[in-house]
> 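Following this message is one structure expressed as C-alpha cells.
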Amino acid sequence: MNPRLQVEHTVTELVTDVNLPLAMLLVGMGIPLSQIPDIRSLFQLEDRHGDSPIDFLTAKRGPPKCHVIAARITAENPDAGFRPTSGQIFELNFRVSPHVWGYFSVFGRGAVHEFADSQFGHIFSRGGSRESARKHLILALKELTLYGQIRTTTQYLIKMLELEDYKTNAVRAMRAV
C-alpha cells in the first residue's frame, strides 16, 4: 500500500469529483470512509451527508465525470536523452481555461537549480472525451510561453500528443518522437 498522495491526484479528483487530500485527512481523523460526502457521491448515494454503511465490494460507482490528461513540465533536453537542464527563467506565461489547469513551482525571473528535481510544472486538461482532453492539452502546451536558459519537454509532449498512435490510444510504450 502506498499512503502517499501522488502529484497526479488531480487527475483522479477531476474524473471522480473526490477531494483526495480532504478524504485522506478525514480518514486520518477517524471518520469512516462511508461517511465522507465525496465518497458517498462517488457511489451515487442519495444522502451525501448520511452515515449508512457502504459495502465497497458490491457498491456501484458513478461513471467518470470527464476524461483527463496530465503533462509534467520538466527542465529536460529531449535531444540529449532527457538530460536535466538548469538555469534562469526570464518569463513564464500559462493561461488557465475552463478545460485546462496547471501549476508551476517557478515564476518569471526564477530558476531551476541544478540540484533540484527537473519537474517544475504540471498541466491538466479535461474534456467530455479523450480526444477533447487531448486537443485542450495540445493548445495549452502551444500557448505556454517560457523564455530562459533551460530546455523543456513541451515541444516533445506536443509531438507525442499528435502521434496517430496516441490519438487512437494504441500506444503501448513510448519511443523517441
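Small disclaimer: the values here were computed from a predicted structure and weren't measured.
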> Side chains of L14 and W101: closer than 4.5 Å at any heavy-atom pair?
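Result no, sub-4.5 Å side-chain heavy-atom pair not found.
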> Take a 6.0 Å sphere around CZ of R40 and say whether it holds more than 12 heavy atoms from other residues, nucleotides or ligands.
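For R40, atom CZ is crowded (more than 12 foreign heavy atoms under 6.0 Å).
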> Would L157 and I73 count as a side-chain contact (heavy atoms from CB on, under 4.5 Å) here? Give the steps.
CA-CA 9 Å; L157 291 170; I73 308 302; 4.2 Å; yes
> Applying side chain to side chain donor-acceptor pair (under 3.5 Å), can you list everything that pairs with R48, at least two apart in sequence or on another chain?
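Per chain and number, R48 pairs via side chain to side chain donor-acceptor pair (under 3.5 Å) with D38, S41.
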> CD1 of I31 to CG of D51: how many Å apart, nearest 0.5 Å?
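The distance works out to 12.0 Å.
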> Looking at P21 and E13, what are the two nearest heavy atoms and their distance?
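Here P21 and E13 meet closest at CD-OE2, 2.9 Å.
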> If I compare all heavy atoms of S105 with all of Q119, which pair ends up nearest, and what's the gap?
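Where S105 meets Q119 most closely, the heavy atoms are OG-O, 4.4 Å.
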> Quick one: pull up NE2 in H122 and OG1 in T74 and give me the separation to the nearest 0.5 Å.
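Taking NE2 in H122 and OG1 in T74, the distance rounds to 10.5 Å.
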> Quick one: ring-ring contact (aromatic ring centres under 6.0 Å, His included) partners of F104, sequence neighbours excluded?
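Partners of F104 by the ring-ring contact (aromatic ring centres under 6.0 Å, His included) criterion, ordered by chain and then number, come out as F94.
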> Hydrophobic clusters here meaning ILVMFWY residues chained together by side-chain heavy-atom distances under 4.5 Å, can you tell me if L137 and L139 are in one?
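Unlinked, L137 and L139 end up in two clusters.
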> Is any side-chain heavy atom of Q44 closer than 4.5 Å to one of P63?
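Yes, side chains in contact.
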> Identify the heavy atoms of G148 and F90 that sit nearest to each other, and give their distance.
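In this case the closest contact between G148 and F90 is CA-CD1, 3.5 Å.
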> With side-chain contact (heavy atoms from CB on, under 4.5 Å) as the criterion, how do T154 and L146 come out once you've worked through the C-alpha distance, each side chain's angles and the decisive distance to 0.1 Å?
CA-CA 10 Å; T154 305; L146 190 143; over 6 Å; no
> Mind listing the closest non-hydrogen atom pair of K167 and E131 along with its distance?
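Between these two residues, the closest heavy atoms are O-OE1, 4.5 Å.
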> Would you please name every residue forming a side chain to side chain donor-acceptor pair (under 3.5 Å) with H136, sequence neighbours left out?
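Partners of H136 under the side chain to side chain donor-acceptor pair (under 3.5 Å) test: S132.
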> Only one of I150, T153, T85 clears side chain to side chain contact (heavy atoms under 4.5 Å, CB included) with N77; which?
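Exactly one candidate clears the test, T85.
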> Side chains of R130 and N169: does their closest heavy-atom pair fall under 4.5 Å?
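Of all side-chain heavy-atom pairs linking N169 with R130, at least one is under 4.5 Å.
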> Which heavy-atom pair separates R61 from F43 by the least distance, and what is that distance?
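That closest heavy-atom pairing would be CG-CE2, 3.2 Å.
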> Hey, what do you get for OG1 (T145) to CD (E91), rounding to the nearest 0.5 Å?
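Output value for this atom pair is 5.0 Å.
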> What pairs with T58 under side chain to side chain donor-acceptor pair (under 3.5 Å), at least two apart in sequence or on another chain?
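Scan of T58 (side chain to side chain donor-acceptor pair (under 3.5 Å), adjacent residues dropped) gives D55.
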> Is S125 reaching over with its side chain to a backbone N or O of V100, donor-acceptor style, under 3.5 angstrom?
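Checking the backbone N and O of V100 against the side chain of S125, no donor-acceptor pair under 3.5 Å is found.
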> Would a 4.5 Å heavy-atom cut-off, applied to side chains only, mark H113 and S86 as touching?
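A side-chain contact is absent here, since even the closest heavy-atom pair is not under 4.5 Å.
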> Between T12 and V18, does a side-chain contact (heavy atoms from CB on, under 4.5 Å) hold up when you go through it step by step?
CA-CA 7 Å; T12 303; V18 173; 5.8 Å; no
> Can you tell whether the side chains of E162 and K159 come within less than 4.0 Å, N to carboxylate O?
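Salt bridge absent between E162 and K159.
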> If you look at every heavy atom in C66 and G127, which pair is closest and at what distance?
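Nearest pair, atom of C66 first, then G127: CB-O, 3.4 Å.
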> Check whether more than 12 heavy atoms from other residues, nucleotides or ligands sit under 6.0 Å from atom CZ of R83, and answer yes or no.
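No, because the 6.0 Å sphere around CZ of R83 holds 12 heavy atoms or fewer from other groups.
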> Take V171 and M160 through the side-chain contact (heavy atoms from CB on, under 4.5 Å) test and state the conclusion after the steps.
CA-CA 10 Å; V171 175; M160 182 190 72; over 6 Å; no
> Could you list the residues that satisfy side chain to side chain donor-acceptor pair (under 3.5 Å) with K65, not counting sequence neighbours?
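Per chain and number, K65 pairs via side chain to side chain donor-acceptor pair (under 3.5 Å) with no residue.
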> Does one hydrophobic cluster hold both M24 and L42, with members joined at side-chain heavy-atom distances below 4.5 Å?
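Yes, M24 connects to L42 through the hydrophobic network.
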> For the pair R151 (side chain) and P78 (backbone), establish whether a donor and an acceptor sit closer than 3.5 Å, ignoring hydrogens and angles.
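Judged by distance alone, no pair lies under 3.5 Å.
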> Could you check whether any side-chain N or O of Q149 sits under 3.5 Å from a backbone N or O of Q88, counting only pairs where one atom can act as donor and the other as acceptor?
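Yes.
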> List for me each residue that meets side-chain contact (heavy atoms from CB on, under 4.5 Å) alongside L33, sequence neighbours excluded, and say none if there are none.
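For L33, the residues satisfying side-chain contact (heavy atoms from CB on, under 4.5 Å) (neighbours in sequence not counted) are V27, I36, I39, F56.
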> Starting from Y147, can I reach L144 by hopping between I/L/V/M/F/W/Y residues whose side chains sit under 4.5 Å apart?
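No, because L144 and Y147 fall into different hydrophobic clusters, even though each may have its own neighbours under 4.5 Å.
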